[in-house]
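Inspection log for the structure reproduced underneath, given as structure tokens.
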Number of protein chains: 2
Amino acid sequence: MERPSLESFTARHHLDSRSLCAQIVEAREGAIAVRSAGAATDNLTRIIEATLRLANRKGFAAMTLRELARESGLSLGGLYAYIGSKDELARLIQSWVSRTLRRVMASALADIETSRMRLATAIEAHLLTTEALREWFFFLYMEAHHLASDERRQAVAAERNSEQIFADIIRQGQSEGRYGAMNADIAAGLIKAMLQDWYLKRHKHGERGLDVTAYADTVTAAAEALLDASGETTTTTHS
Amino acid sequence: MERPSLESFTARHHLDSRSLCAQIVEAREGAIAVRSAGAATDNLTRIIEATLRLANRKGFAAMTLRELARESGLSLGGLYAYIGSKDELARLIQSWVSRTLRRVMASALADIETSRMRLATAIEAHLLTTEALREWFFFLYMEAHHLASDERRQAVAAERNSEQIFADIIRQGQSEGRYGAMNADIAAGLIKAMLQDWYLKRHKHGERGLDVTAYADTVTAAAEALLDASGETTTTTHS
DNA sequence: ATGTAAAACGGACGTTCGTTCTATTTTCGC
DNA sequence: GCGAAAATAGAACGAACGTCCGTTTTACAT
């Protein structure tokens with residue numbers, strides 16, 4: 001398979017806000033008071049995009065529904081045809097971005113076999129997904145800590161799941177003798193930290209003129225350097 | 001110098017909440033209505049620790065001053081002898097944690113010369129500082145985005161400053177021919193991402209039984225692997 | 001043109017917020 | 001042990017919140 005561009009990856013996996021909102025409307029049939037699915041998707045998209053815009057600037061708790069009504073173009077009362085409550089709006093966004101990442105990662109890795117290719121593909125898929133849905137992932141990261149314990153547990157599980165994908169790839173590579181004996185969970189954690197930096201510090205990377213594909217190469221090189229070197233005895237003590 | 005333990009590092013650089021609050025009381029003399037410096041420090045420490053506890057659990061905006069009064073043991077009116085407003089309380093914490101990191105990093109690196117030692121020392125100092133003031137740094141990271149533009153610019157500058165420290169060390173190593181030709185700013189960003197993961201995902205690391213010193217060794221090894229390998233031509237393309 | 005159901009509107013309600021104010025208690029030099 | 005000064009507690013205030021609901025507008029079938 002060719003190296004995917006951001007655009008082709010986004011199109012193939014339906015990683016735009018409208019597609020996600022269409023899925024939400026479909027899954028929540030009955031909970032939304034507006035009958036026409038097309039119009040409902042339009043309005044929900046405007047509501048969620050406005051939410052991400054406002055909440056990512058000033059925080060979800062500080063965002064008021066009056067601002068959201070103004071920003072989304074709907075009225076205060078109109079919002080309640082789409083959401084049950086303000087809190088439910090946050091849960092909605094978070095649960096769908098979590099399951100989207102899981103879906104895309106599984107799909108992207110489906111027919112890749114060698115550990116070397118799986119590592120590069122997983123890194124690239126993670127970065128392209130979070131780049132396409134940048135605001136969604138930023139929201140998830142920043143607001144997940146404030147969820148009620150049930151939803152929070154779900155968010156932690158999703159996070160752990162995506163880290164496990166990397167840990168499993170690393171263990172596969174180790175069993176093939178390709179990588180050194182470093183703890184796979186810890187290595188996966190380091191890789192995840194570098195991946196999350198992409199959407200958490202988007203502004204910085206934009207200033208440097210680094211695009212997502214170049215960053216994917218950088219992280220892949222870093223991961224392989226880390227894993228290749230981990231067989232040697234690296235004594236890192238002072239003086 | 002010996003390898004510092006968390007305890008000795010904390011003691012040497014005064015990295016406990018009370019020490020920081022004592023500095024705040026001293027610097028804000030006049031803005032605090034309570035005369036006795038000792039009592040004022042006690043109460044401010046309780047206010048700030050309660051703030052960190054509540055805000056890190058549910059978000060600063062969602063924390064109410066009535067909760068803060070209950071949690072800190074003061075009354076609603078009593079809080080206003082120490083803070084001018086709720087927003088000022090957030091700015092206070094953030095500005096002092098920023099300047100503390102800068103102070104400690106400068107002090108820890110003061111008489112270290114070789115790039116190899118400076119890198120290991122900087123990583124260790126960063127991790128030990130954020131470990132000692134874990135809640136402070138978590139608060140800074142999570143709430144910095146919601147600041148007014150003036151304070152926000154200051155927070156971004158502090159973040160950039162600490163990244164520059166690493167970039168400068170890398171450039172020094174490159175000029176000594178020790179490291180490959182990788183972009184120093186990008187490498188510094190990757191290192192920073194791994195360092196911040198320590199206090200952002202504290203729960204995960206705790207479960208793994210990884211302590212801060214072991215994590216410092218891991219990150220140092222990862223950084224050196226990354227920098228050593230960056231001279232080679234690593235072609236990371238698919239198929 | 002007219003009638004009807006769907007959708008959007010926006011003001012009102014009760015609550016709770018940050019902040020202020022004052023009555024009361026505590027502290028401390030003498 | 002007394003009185004002035006400092007500190008506290010918690011009621012009170014206006015503003016703003018999330019939510020609800022009666023009304024108006026829109027869109028389409030007849």
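Proteins get letters first, then strands, A, B, ... in listed order; numbering begins at 1 in each.
- Atom-to-atom, CG of B/Leu54 to P of C/dC17 comes out at 12 Å; the value is rounded to the nearest Å.
- With a cut-off of 3.5 Å on both pairing distances, the Watson-Crick and G-U wobble pairs of DNA chain D assemble into stems of 3 or more at C:4-29 with D:2-27.
- Note that B/Arg202 lies outside the cation-pi zone of B/Trp198, set by a 6.0 Å cut-off to the ring centre and a 45° limit from the axis.
- Minimum atom distance to the side chain of B/Lys86 is reached by C/dT19, of the listed D/dT19, C/dC9, C/dT19.
- As a whole-Å value, the separation of B/Asn43 CG from D/dA6 C1' is 13 Å.
- As a whole-Å value, the separation of A/Leu65 CG from C/dG11 C1' is 15 Å.
- Straight-line distance from the CG atom of A/Asp42 to the C1' atom of C/dA8: 15 Å, rounded to whole Å.
- Within 4.0 Å of B/Asp87, counting heavy atoms only, lies no atom of the nucleic acid at all.
- Going from atom CD1 of A/Ile47 over to atom P of C/dA7 covers 13 Å, rounded to whole Å.
- Residues A/Ala39 and A/Tyr82 approach most closely at O-OH, 4.3 Å, considering heavy atoms.
- Residue side chain B/Ser75 reaches the base of D/dA9 through a donor-acceptor N/O pair under 3.5 Å, judged by distance alone.
- Mapped onto DNA chain D by nearest heavy atom, B/Leu76 and A/Thr64 fall at different nucleotides, with B/Leu76 at the one closer to the 5' end.
- Between the C1' atom of C/dT16 and the CZ atom of B/Arg70 lies a distance of 13 Å, rounded to the nearest Å.
- Within residues 77-85 of chain A, the residues that have a heavy atom under 4.0 Å from DNA chain C are, in order of number, A/Gly77, A/Gly78, A/Tyr82.
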